[in-house]
Each structure stands twice: as structure tokens, then as C-alpha cells.
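Heads up, the thing below is written out as C-alpha cells.
Because the structure is a prediction, the values reported are computed rather than measured.
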Amino acid sequence: GRFARAGCLNIRSDDQLPLFPKALAALEARLCDRDLFLTVNGTAGRNWTDAGVRRLNAVWLDLDGHRLGLTAGQLLDAMHDELRNNGLPPWSMMVHSGRGLWLLWCLRDVAAGIIHTPPPASPENVATVQSLNNQLARRFAHLGADSKATNAGRLIRAPGSVNTKADARVFWYYAAAGDLDAFPLYTLEGFADQAGLDLDAAPHQHPSPARQRAARRPSPGDRHPRAR
């Protein structure tokens, strides 16, 4: 990843989110006390829009429980109950964003030979991820789930940064951070099945003109392979 003037840390499409726990944790000591964001999914260079997404790193749930008077601890207790009693798959990462919680379930490509490779952002896969995010948001609306934080180009607060609205530090927590073999990874089909979500609820989407143009534009890593 890299820093940009806008205060975003961009994870490129050839990086893999499940391999970042140590690297992201190391950033906490070096980030300044300001709002800083990174892309949930891998993007093409500095194209942080939905059309710029190249790899789908995760399915996620953004819980803004503070709007309902719920603390982060109360949100976490409620989600642990879901995990124990209602078959919710174990999350890969949890982010305390200052006033709420993010839960992320990291993805792997079922067709890839390397288990940690995220699925490509084909129109069908993008529609599926956004549909799963929307279904999770509806399911947990009673906990303040943000139904607008479901798009593929979504930004998330960086670890060690500060949520200036809440005057609070942002913390990331990783499941089995010291053992990648135990790190929870899911195929889209496997996650939907375990979570009891409808994999077929996503409408078939054709690539938008912006996505078609972005797909034809080579990323910096493609132009300079050694830079990876």
C-alpha cells in the first residue's frame, strides 16, 4: 500500500489483505493523529471508486451502534451471541472505528492455486459481495448497521489513526494473527452458506462504462512488475 495526499492508504489489487496483520499493526506507531482511511478492497492504483476495484478482499458489516446509544462492548457482545447461537461465521478482522465496530470476513478465490488470493472483481463477484453486505446490513439493522456502507469501493479507517469526530484511536483486531493457517478465509459460496444468506440475490450486472475503461487501464504494478 501507499499514502496519498487525500489521507488514504491504498491497498493495491496485487496485495492480499489476510497477509497484512503485522504490517498494519506496525503502522500504528507511525501514523499521525488525524483521520486516515484505506480501501477495503484492492484497487487499481489511486482509483478508489467502485469501478477501480480489482480484488475483493472481504465481506463486511459496519455497525454504527452509537446512533442507538450502544457501546462497542455491547455491539461485540451481541455479535458474539450471533456467532454462538445463530451460526454466524467467525469474522477475520474486527475494527473499533472510534464510535462503532466493523466486522470483516476475508475472502479467497476458489479457483486460485494460492489460498490467500482474493477473488477477482468481476461484475458478478462485485454484485455478490454488495448483495451479501446489504443482506448483513438488513439483518443487523437493530444494531445500527449502516446500509450505505456496502459498496465495493468502500473506505475504512486505518489502524492507529484517529477518528477526530469521536476523539478516539482506531484499533484493528485480527483472528489468529500469529498463524495464517488458522486465519478465517471464506469463498463467497462458503460464507453465504454458513451465514444463511442468499447467494443468488445479487442481480446480474453488466460492466459500467467507467468499469470497462478502468479495466483497460493498466495498474502501476502491471507496468512495473519489479515494483511489487
Side-chain angles (χ1 to χ4, degrees), residues 11 13 15-21 24 37-43 48-50 52-65 75-76 78-80 82-83 86-97 100-112 115-157 172-177 180 182-205:
I11 294 180
S13 60
D15 295 323
Q16 290 124 31
L17 192 59
L19 302 181
F20 272 114
L24 289 177
F37 300 86
L38 56 82
T39 55
V40 175
N41 290 313
T43 63
W48 303 321
T49 66
D50 289 358
V53 172
R54 291 293 176 271
R55 290 282 175 177
L56 297 167
N57 291 321
V59 173
W60 62 88
L61 177 64
D62 178 12
L63 296 174
D64 291 334
L75 292 174
L76 187 58
M79 295 310 296
H80 275 302
E82 287 287 333
L83 190 151
N86 294 326
L88 188 70
W91 44 85
S92 310
M93 298 182 181
M94 181 184 71
V95 177
H96 183 198
S97 59
L101 287 180
W102 281 67
L103 301 175
L104 298 99
W105 292 267
C106 290
L107 300 173
R108 66 180 181 88
D109 186 2
V110 67
I115 191 171
H116 296 298
T117 300
S122 66
E124 293 78 11
N125 285 346
V126 168
T128 297
V129 165
Q130 293 182 164
S131 173
L132 294 176
N133 289 342
N134 285 325
Q135 291 178 64
L136 286 170
R138 289 194 296 270
R139 178 170 168 179
F140 296 105
H142 64 289
L143 296 178
D146 187 350
S147 61
K148 297 181 180 179
T150 61
N151 62 300
R154 178 59 42 178
L155 300 178
I156 187 171
R157 291 184 180 274
W172 285 45
Y173 303 90
Y174 315 96
L180 284 177
F183 193 87
L185 289 171
Y186 303 91
T187 64
L188 286 170
E189 295 80 1
F191 175 78
D193 181 65
Q194 292 186 52
L197 303 177
D198 185 1
L199 190 67
D200 299 322
H204 178 72
Q205 291 189 356

What is the ring orientation for His80 with Trp91, classed by angle as parallel under 30°, tilted 30 to 60°, or perpendicular over 60°?
tilted
Result block: side-chain N/O donor-acceptor pairs under 3.5 angstrom for residues 146-153, not counting sequence neighbours:
{"residue": "Asp146", "atom": "OD1", "partner": "Lys148", "partner atom": "N", "Å": "2.9"}
{"residue": "Thr150", "atom": "OG1", "partner": "Asn134", "partner atom": "OD1", "Å": "2.8"}
{"residue": "Asn151", "atom": "OD1", "partner": "Arg154", "partner atom": "NE", "Å": "3.0"}
{"residue": "Asn151", "atom": "OD1", "partner": "Arg154", "partner atom": "NH2", "Å": "2.8"}
{"residue": "Asn151", "atom": "ND2", "partner": "Asp50", "partner atom": "OD1", "Å": "2.9"}

Looking at [X] and [Y], would you say the former's side chain and the latter's main chain have a donor-acceptor pair under 3.5 Å?
{"X": "Asn133", "Y": "Trp60", "result": "yes"}
{"X": "Ser92", "Y": "Cys106", "result": "yes"}
{"X": "Asp64", "Y": "Gly100", "result": "no"}
{"X": "Gln194", "Y": "Gly87", "result": "no"}
{"X": "Arg54", "Y": "Thr43", "result": "no"}
{"X": "Asn41", "Y": "Val53", "result": "no"}
{"X": "Ser131", "Y": "Ala127", "result": "no"}
{"X": "Asp198", "Y": "Asp200", "result": "yes"}

I need the minimum non-hydrogen distance between [X] and [Y], along with the two atoms involved.
{"X": "Trp172", "Y": "Arg157", "value": "NE1-O, 3.0 Å"}
{"X": "Ala58", "Y": "Val129", "value": "O-CG1, 3.8 Å"}
{"X": "Leu132", "Y": "Ala192", "value": "CD2-CB, 4.0 Å"}
{"X": "Asn86", "Y": "Arg139", "value": "O-NH2, 3.7 Å"}

Can I get a per-line list of side-chain donor-acceptor pairs under 3.5 Å for residues 182-191, giving both atom names and the distance, sequence neighbours left out?
{"residue": "Tyr186", "atom": "OH", "partner": "Pro90", "partner atom": "O", "Å": "2.5"}
{"residue": "Thr187", "atom": "OG1", "partner": "Gly190", "partner atom": "N", "Å": "2.8"}

Before you tell me yes or no, could you show the steps for His96 and Leu76 under side chain to side chain contact (heavy atoms under 4.5 Å, CB included), namely the whole-Å CA-CA distance, both residues' side-chain angles and the distance that decides it to 0.1 Å?
CA-CA 10 Å; His96 183 198; Leu76 187 58; over 6 Å; no
Could you list the residues that satisfy side chain to side chain donor-acceptor pair (under 3.5 Å) with Asp62, not counting sequence neighbours?
Trp102
Applying side chain to side chain contact (heavy atoms under 4.5 Å, CB included), run through Leu104 and Val59 and close with a yes or a no.
CA-CA 6 Å; Leu104 298 99; Val59 173; over 6 Å; no
Distance in Å, Leu103 CG paired with Tyr173 OH, rounded so as to fall on 0.5 Å steps
12.5 Å
Can you tell me how far the CG atom of Asn125 sits from the CD atom of Gln130, to the nearest 0.5 Å?
11.5 Å
Do [X] and [Y] come within less than 4.5 Å of each other through their side chains, counting heavy atoms only?
{"X": "Pro119", "Y": "Arg55", "value": "no"}
{"X": "Leu107", "Y": "Asn57", "value": "no"}
{"X": "Trp105", "Y": "Leu88", "value": "yes"}
{"X": "Leu155", "Y": "Val40", "value": "no"}

